[in-house]
Amino acid sequence: MSVLRSRRVVTPEGVRPADVLLGPDGRIAAVAPHSAATGGPDVTDLGATALLPGLVDTHVHINEPGRTEWEGFATATAAAAAGGVTTLLDMPLNSVPPTTTVGNLRIKQDSARGRVRVDVGFWGGAVPANTGDLEPLFGAGVFGFKSFLSPSGVEEFPHLPAEALEPVLAELARIGATAIVHAEAPEVLDAAPRHAGRAYLDWVQSRPPAAETAAVARLLDAARATGARVHVLHVSSAQVLPLLAAARADGVRVTAETCPHYLTLAAEQVPEGGTAFKCCPPIRDEANRDALWKGLGDGAFMGIVSDHSPCTAELKAGDFAAAWGGVASLQLGLPAVWTEAARRGFGLADVVRWMAAGPAGFAGLDDRKGAIAPGRDADLVAFDPEEEFTVDPARLHHRNPVTAYAGRTLRGVVRTTWLRGRVVELDGEPRGELVARRGA
């Protein structure tokens, strides 16, 4: 039996000195008092370097197969491990074919098998023509179903028009599946100003907060009518938070997430032509960012996930109208969030709750993931919260060296990542597994 020892182990009970005993089955055998393990066990003493549970990222676009030049399982999972993420869930679109049938799921699983460095699960997609595929996909182990309420940007994954939303949610309620939804209202987007160019504020005006509030209101009405469990993806506008709170008070089963780029970047900081910052919905202003942090502290979000959505450097070039929308940040989410969280007075236990425990519970993986506790997988991260570094895109592990964080100084360095008690070697044999929804 081996032991990881640290003076700062982040447990569900708080941050404390402890010895974490790793069993031969790849699970945590015990969390013992600091320096309790002596003699026989193989002890790795991390000193003051913090020991965190592996992060769980439930919103990642890997794009393989079909658009592997954008990203792939090998590169994405290397970036995840380098950033302390030990479990991720892959989105059903941008790959070709999309994960909208069991057959397409098998194609994606075959592409991933034997090539992943962390554990990987899959979301299914709910699109206008595949209602009959939802129950078989759910039985095959997808974690739930993603839909867009506005065009997705790729033809093979059409959005749900307003009249299709309630029937899809009724079917998901019947089979007990969660709907995860990109909530922007197409009629609001169509009416917004359209300015092609290099000015970031023109891009923000083309995706106004009203698009999010209108779409979230529509989603919540449909959830009330059907009893479905719904989840709002990548909330960028704090204006939706009162809607979510009121719905929860009414008994609607709704959760929401936000992302590192909405919490750490601001519209005022985006340079002219800075298309690495382009995403949908957009990064908004500093006052909105402050309101998102208040909501986070008040428990409005289940957690923080990356929405890692990379593409080739060529597709990120040009002006804000033409460039692909998505922020590549899988490796940088932990230090980016920690940098801002520490500045605002939050601690490591808060970050772990937002980036490990919360997403694990949302995905139904909290019997295995998201905490340093006996019986959980020994997915662990040695994290130096004081060390600083400057982001060099060429040193990141995702496929294309483009990120909105280029040149930024961040606080917090991942020293080592363990998956089921074994160090993840980024140039070694991939030992990640494909995971399915609990009960599938």
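What you see is a predicted model; the values in this text were computed from it and never measured. In what follows, every heavy atom counts, from backbone to side chain, and hydrogens, waters and symmetry copies are set aside.
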message = Do R411 and P385 have side chains that approach each other closer than 4.5 Å (heavy atoms only, starting at C-beta)?
response = no

Distance (rounded to the nearest 0.5 Å) between T258 OG1 and W293 CH2 = 9.5 Å

remark   = OG1 (T416) and CG (L51) are apart, to the nearest 0.5 Å, by 10.0 Å

task = Report yes if the side chains of P374 and V31 come closer than 4.5 Å at any heavy-atom pair, otherwise no.
result = yes

Any side-chain heavy-atom pair of V232 and L219 under 4.5 Å = yes

query = What's the spacing between L160 CG and S147 OG if we round to 0.5 Å?
reply = 4.0 Å

ask   = Got a donor-acceptor contact below 3.5 angstrom from the R229 side chain to the A177 backbone?
value = no

message = Is a donor from one side chain sitting under 3.5 angstrom from an acceptor on the other, for S306 and D57?
response = yes

For L233 against H182, the heavy-atom pair lying closest together = CD1-N, 3.7 Å

remark   = Separation between CG (L265) and OH (Y405), nearest 0.5 Å, reads 4.5 Å

query = Taking S206 for the side chain and W203 for the main chain, is one N or O donor matched with an acceptor at less than 3.5 Å?
reply = yes

inquiry  = On a heavy-atom basis, which atom in A404 and which in F277 lie closest, and how many Å separate them?
reply    = O-CZ, 3.4 Å

ask   = Hey, is D319 close enough to K278 for a salt bridge, meaning N to O under 4.0 Å?
value = no

query = Could R399 and E64 be called an ion pair, given the rule that one side-chain N must be under 4.0 Å from one carboxylate O?
reply = no

ask   = Any chance CZ of R344 has more than 12 other-residue heavy atoms, nucleotides or ligands included, within less than 6.0 Å?
value = yes

request  = May I ask you to decide if P98's main-chain N or O and N104's side chain share a donor-acceptor pair within less than 3.5 Å?
outcome  = yes

inquiry  = Please check this pair: side chain of D384 against backbone of V413, looking for a donor-acceptor N/O pair closer than 3.5 Å.
reply    = no

key: Worked verdict on L296 versus F346 for side chain to side chain contact (heavy atoms under 4.5 Å, CB included)   = CA-CA 11 Å; L296 187 65; F346 294 101; 6.0 Å; no

inquiry  = As a test of understanding, state which of F73, W70, F122 forms a side chain to side chain contact (heavy atoms under 4.5 Å, CB included) with I62.
reply    = F73

task = For H159, check side chain to side chain contact (heavy atoms under 4.5 Å, CB included) against everything at least two apart and list the hits.
result = F148, P151

task = Give a yes or no on whether a salt bridge exists between R218 and D221, defined as a side-chain N under 4.0 angstrom from a carboxylate O.
result = no

key: Side-chain touch L332/P260, heavy atoms, less than 4.5 angstrom   = no

request  = Using modelled atom types only, decide if a donor and an acceptor are shared between the side chain of R117 and the backbone of T75 within a distance under 3.5 Å.
outcome  = no

task = Verify side chain to side chain contact (heavy atoms under 4.5 Å, CB included) between L348 and F383, making sure each step is shown before the conclusion.
result = CA-CA 10 Å; L348 287 174; F383 181 67; 4.0 Å; yes

query = Do the charged groups of D379 and R368 touch, with an N to O distance under 4.0 Å?
reply = no

ask   = Under 4.5 Å between any side-chain heavy atoms of E268 and D285, yes or no?
value = yes

inquiry  = Run W418 and T86 through side chain to side chain contact (heavy atoms under 4.5 Å, CB included) and show every step you take.
reply    = CA-CA 8 Å; W418 291 264; T86 53; over 6 Å; no

key: Distance-minimising heavy-atom pair for Q331 and L396   = OE1-CA, 3.5 Å

Separation of R224 CZ from L169 CG (nearest 0.5 Å) = 13.0 Å

message = Tell me whether R437 contacts the main-chain N or O of F138 through its side chain, where contact means a donor paired with an acceptor under 3.5 Å.
response = yes

note = Taking every heavy atom of P281 against every heavy atom of Y262, the minimum-distance pair comes out as O-OH, 2.5 Å

ask   = Does P310 reach the side chain of N400, with side-chain heavy atoms less than 4.5 Å apart?
value = no

key: Criterion ring-ring contact (aromatic ring centres under 6.0 Å, His included) against H231, the qualifying member of F145, W123, F362   = F362

inquiry  = When you compare the side chain of I28 with that of V20, does any pair of heavy atoms fall below 4.5 Å?
reply    = yes

inquiry  = Run the side chain to side chain contact (heavy atoms under 4.5 Å, CB included) test against R174 and tell me which residues pass, sequence neighbours left out.
reply    = E135, E171

key: More than 12 heavy atoms of other groups within 6.0 Å of R422 CZ   = no

query = Roughly how far apart are D290 CG and L263 CG, rounded to 0.5 Å?
reply = 10.5 Å

task = Kindly give the heavy-atom pair with the smallest separation between L426 and A81, and that separation in Å.
result = CD2-CB, 3.8 Å

message = A side-chain contact here means heavy atoms from C-beta on lying under 4.5 Å apart; do F157 and T100 qualify?
response = yes

ask   = What's the shortest heavy-atom distance between V435 and D119, and which atoms?
value = CG1-CB, 4.0 Å

inquiry  = Check R438 with D366, please: is the shortest side-chain N to carboxylate O separation under 4.0 Å?
reply    = yes

note = Per side-chain hydrogen bond (donor to acceptor under 3.5 Å, both in side chains), S95 is matched among E71, K108, R67 by K108

inquiry  = Set out, in order, the CA-CA distance, both residues' side-chain angles and the distance that settles side chain to side chain contact (heavy atoms under 4.5 Å, CB included) for L330 and H398, then state yes or no.
reply    = CA-CA 8 Å; L330 185 54; H398 64 260; 5.9 Å; no

inquiry  = Using modelled atom types and a 3.5 Å cut-off, is there a donor and acceptor pairing between side-chain atoms of K316 and backbone atoms of A323?
reply    = no

